[in-house]
Structures are given as C-alpha cells and as structure tokens.
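What you see below is based on every heavy atom in this structure, not just the backbone, and it leaves out hydrogens, waters and symmetry mates. This structure is a prediction, so every number in the text was calculated from the model and none was measured. By convention in this document, chain letters (A, B, ...) are assigned in the order of the sequence lines, proteins followed by strands, and residues within each chain are numbered from 1.
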2 protein chains.
Amino acid sequence: MKIGELARLSGLTPSRIRFYERIGLLKTVDRRPNGYRTYPQQAVMVLGLITTAQRAGFTLDEIRTLLPPDLDHWDHVTLMDALTRKIADIEALQARLAQSRVHLLRLVEDIQARPDDMDCAANAHRVLTNMLAEHPEALDVTSDDIRLLDTTDRRQSVSPGRRKKTAPC
Amino acid sequence: MKIGELARLSGLTPSRIRFYERIGLLKTVDRRPNGYRTYPQQAVMVLGLITTAQRAGFTLDEIRTLLPPDLDHWDHVTLMDALTRKIADIEALQARLAQSRVHLLRLVEDIQARPDDMDCAANAHRVLTNMLAEHPEALDVTSDDIRLLDTTDRRQSVSPGRRKKTAPC
DNA sequence: CTTGACCTTGAAGCTACCTTCAACGTTAGG
DNA sequence: CCTAACGTTGAAGGTAGCTTCAAGGTCAAG
C-alpha cells in the first residue's frame, strides 16, 4: 500500500503520516525501489489507534512512549498506568469545566439581575466587583486589595433624567 | 503604578503585561517622562478580568473583541452572546470528555477481561479490533474495511506450554 | 510523448501564548 | 558614587501538531 492509499483508508493526510514517521511515532517503513513508502495493512490500524488515542486526550509524545513496535506486544503495566492517569486527568478537567460553566452561568444571571434603579455603568461595576470578589484567585491579592481596587463611590444616586436614557443592558 | 507593581498585584509577569499591550489587548498606557509605563488602579481589575476570562476558556482574541475601552461601557449584546456561546462550547467539550472517559474506562475493563485461555498477543488483538470496531469514526473506513484489517486467523489454539509462560497482561 | 496524478525531500510557515535574550537607560538605597 | 533592582526595546525562541512550499522524480493513460 502506498502512502496515498493509506491516507485515504486512515482519513489522514500523507503529510501527516510522513510527519508522524519523522517524529518517530511511526517506525520507518519499507520502501519500493523507486523510493516510495510501502505500508502493510496493519498501518491503518496503527493510525486509527493514534487518532483514537489523540481524541482521548493523549499527546503524540505519550502515544509514542505507549505504542509498542509490535501491536501484539504491549507494555501492559505502563499502558494501564497511562490509561488510569489519563482518566484522572479527564476527570480533573471535567471538574474545571464544570466550575467554568457555573461561573459563566452565574455571571450571565448576575448581569441580568441589574436593579431597576441602577444604570449600565454602575451595573457593570457591580458585576465586576462581585466577580473579582468571588474569584480572588484571578489576582494574587487579598480581599483588602480588592476593596482598594474599588475606585468608585458607592452612592447610587441615579437622577430620574438619566434613568430614562438607560439603555437595555 | 509601575509595571512591576502591577505585575505583583495581578500575579502576571511584566513581560506578559507588555505582551498584552503589544497585541492590543491592553490599550497603550501613559508613560512617565523617563519612558516607564504608569498604570491606573483599574489596570489590576482589567488584568484580573483577562485571566478570569482566559480560565473560562476565552482566547485572547475573543477577550480583545469583548473588552471595552472603558470598563463601565460594555457591549451588552455582544457580551451576552459570547458568554452564551462559550457556555455552549463548554457543554460540548464536557460531552466529548465524558465520552472519552467512558471510552477509556471501557478500554481498561476490556483489557482486563482477557479470557484465561487467551495469550497476551491474542488479547491485544481482541481489544484492538473491538476498539476500532466500536469507534469506526477513527478511520474513514466501513466495517467491511475493518474486517479486512483483521489479518490474524481466529483459531485460538494456545498450547499448554505457552500458556504457562503467559505474562500477566 | 505528454499530461496529470502521484511520490520524494528539507525547510519554512502557522496558531496561541508567552518567555527569554541582548543591550541598554533609570532609580533608590547605602 | 556604586550597585542592585527595575525599566525600555526588538527579535528570537519554544511548545504542539501539523501544513505548505519548492524543486524535483515516477508512473499510467491516451
């Protein structure tokens, strides 16, 4: 099988396959007399394995250390270890994502919770201060510092005239 | 406030702050006569906002288009839109991660489910074929093609002598 | 014999997000 | 006055994972 056919069968581009060979992810392959690479059927499986592992979150480096030269002889211990650690990684990432999601949802809610007597600017300020207060890890500062950051005054006197012009925000 | 102090307060490095200015994420800032950048208190909040947004999954490009020149005047519509889309992005990623996780868990199980009368190589083959059969999207091939890929024969005659030497796999 | 589709190589480019370096000017403290 | 810490700049480097390009060689069909 030439590289073009392998590319079609695996869904990868030829350049990508050559790239994988270059970085040592694929072992150097047999050549025909004319210099063309010639692949065994198994190569399709190897590439499928690589893309599957990639989608599961493995880097090419990780995959290289895990992929045995011979698909029939895996390093069982290393493999199971890597799989287990990757599952843990995914779970950690899931936790972070869940946090981000809640954070964003709360932010949207908070923005929409503008009191009627508050103008856009004051609301923006309220939301911002809330956010940085709730997530102090964004800054390496104490809550004291955050209070310091609050440069506006708290008097919320909104003149009736200005209230009329308040844009929907 | 000079850049060093801002860096301390925000938890960012000075180089990173200068970088943000260079790419237009931070507006160009006032300079003292000696050329030193001088920042207002607000800058800490802006940087906190940026890192928070980053952690929520926004790219610097996205943040740049969202950040108004003046923290008191946001483009409400664009912002809410971006927030909503980002939440959807996160949920999509969560779904993908959940899939990956289940996939990996099932893979671990499958590896461990080696029948007693099967040696490591055959088990590896079994697991691989299962995997590629269950996830044909890894390859742009039909299930017919996958069957074609199966180059070993199915006779599982394992000699007793070899069975003794079977490594724990 | 020509055309077009394939194959080869090495080098360079691309994205995102920074860091590091070199070479230099400024400032605060002792 | 000296020194250490800080500031400035532009350019280059680094990571991950490829793609693209240039400049060729090979092959099958018409």
Exercise answer: donor-acceptor pairs, residues 80-96 of chain A side-chain atoms, under 3.5 Å, sequence neighbours excluded:
unit_1  : atom_1 : unit_2   : atom_2 : d
A/Asp81 : OD2    : A/Arg85  : NE     : 3.3
A/Asp81 : OD2    : A/Arg85  : NH2    : 3.2
A/Thr84 : OG1    : A/Met80  : O      : 2.6
A/Lys86 : NZ     : A/Gly57  : O      : 3.1
A/Lys86 : NZ     : A/Glu62  : OE1    : 3.1
A/Lys86 : NZ     : A/Glu62  : OE2    : 3.2
A/Glu91 : OE2    : B/Arg101 : NE     : 2.6
A/Glu91 : OE2    : B/Arg101 : NH2    : 3.2

Short N/O separations, protein against nucleotides 28-30 of chain D, under 3.5 angstrom:
none

Quick one: which protein N/O atoms are closer than 3.5 Å to N/O atoms of nucleotides 7-10 of chain D? Pair and distance per line, please.
unit_1 : atom_1 : unit_2  : atom_2 : d
D/dG7  : OP1    : B/Gly4  : N      : 2.6
D/dT8  : OP1    : B/Arg37 : N      : 2.7
D/dT8  : OP1    : B/Arg37 : NH1    : 2.9
D/dT8  : OP2    : B/Arg18 : NH1    : 2.4
D/dT8  : OP2    : B/Arg37 : NH1    : 3.4
D/dT8  : O5'    : B/Arg37 : NH1    : 3.4
D/dT8  : O3'    : B/Arg31 : NH1    : 3.4
D/dT9  : OP1    : B/Arg31 : NH1    : 3.4
D/dT9  : OP1    : B/Arg31 : NH2    : 2.8
D/dT9  : OP2    : B/Arg37 : NH1    : 2.9
D/dT9  : OP2    : B/Arg37 : NH2    : 2.7

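Shown here are the side-chain contact (heavy atoms from CB on, under 4.5 Å) partners of B/Ala124, two or more places apart in sequence or in another chain: A/Trp74.
Taking a heavy-atom distance under 4.0 Å as the criterion, the stretch of DNA chain C touched by chain B extends 5' to 3' from C/dC17 to C/dT27.
Linking Ile, Leu, Val, Met, Phe, Trp and Tyr whenever their side-chain heavy atoms come within less than 4.5 Å puts B/Val29 and B/Ile17 in one cluster.
Here the closest non-hydrogen pair linking B/Thr13 and B/Ala7 is C-CB, 4.2 Å. Contact detail for A/Met45 and A/Leu71: the closest heavy-atom pair is CG-CD1, 4.2 Å. The two residues B/Ser100 and A/Ala56 have their closest heavy-atom pair at OG-CA, 3.8 Å. Contact between A/Arg114 and A/Asp119 at its shortest, heavy atoms only, is CD-O, 4.1 Å. When all heavy atoms of A/Tyr36 and A/Lys2 are compared, the pair lying nearest together is CD2-CD, 3.6 Å. In terms of heavy atoms, A/Leu49 sits closest to B/Leu132 at N-CD2, 4.3 Å.
Distances shown here put a side-chain N or O of A/Thr13 below 4.0 Å from the OP1 or OP2 atom of D/dT19. Contact check, A/Ser15 against D/dT19: a side-chain N or O comes under 4.0 Å of OP1 or OP2.
Using modelled atom types, one side-chain atom of B/Arg64 and one backbone atom of B/Ile23 make a donor-acceptor pair closer than 3.5 Å. Proximity of a side-chain donor or acceptor of A/Asn123 to a complementary backbone N or O of A/Ile111 within less than 3.5 Å is detected.
Residues from residues 56-65 of chain A that place a heavy atom under 4.0 Å from any atom of DNA chain C: there are none.
Taking 4.0 Å as the cut-off between side-chain N and carboxylate O, A/Arg126 and A/Asp110 count as a salt-bridged pair. Salt bridge A/Arg37/A/Glu21: present, at least one basic N to carboxylate O contact under 4.0 Å.
Put simply, CD1 on B/Ile17 is 14 Å from C1' on D/dC6, counting in whole angstrom units.
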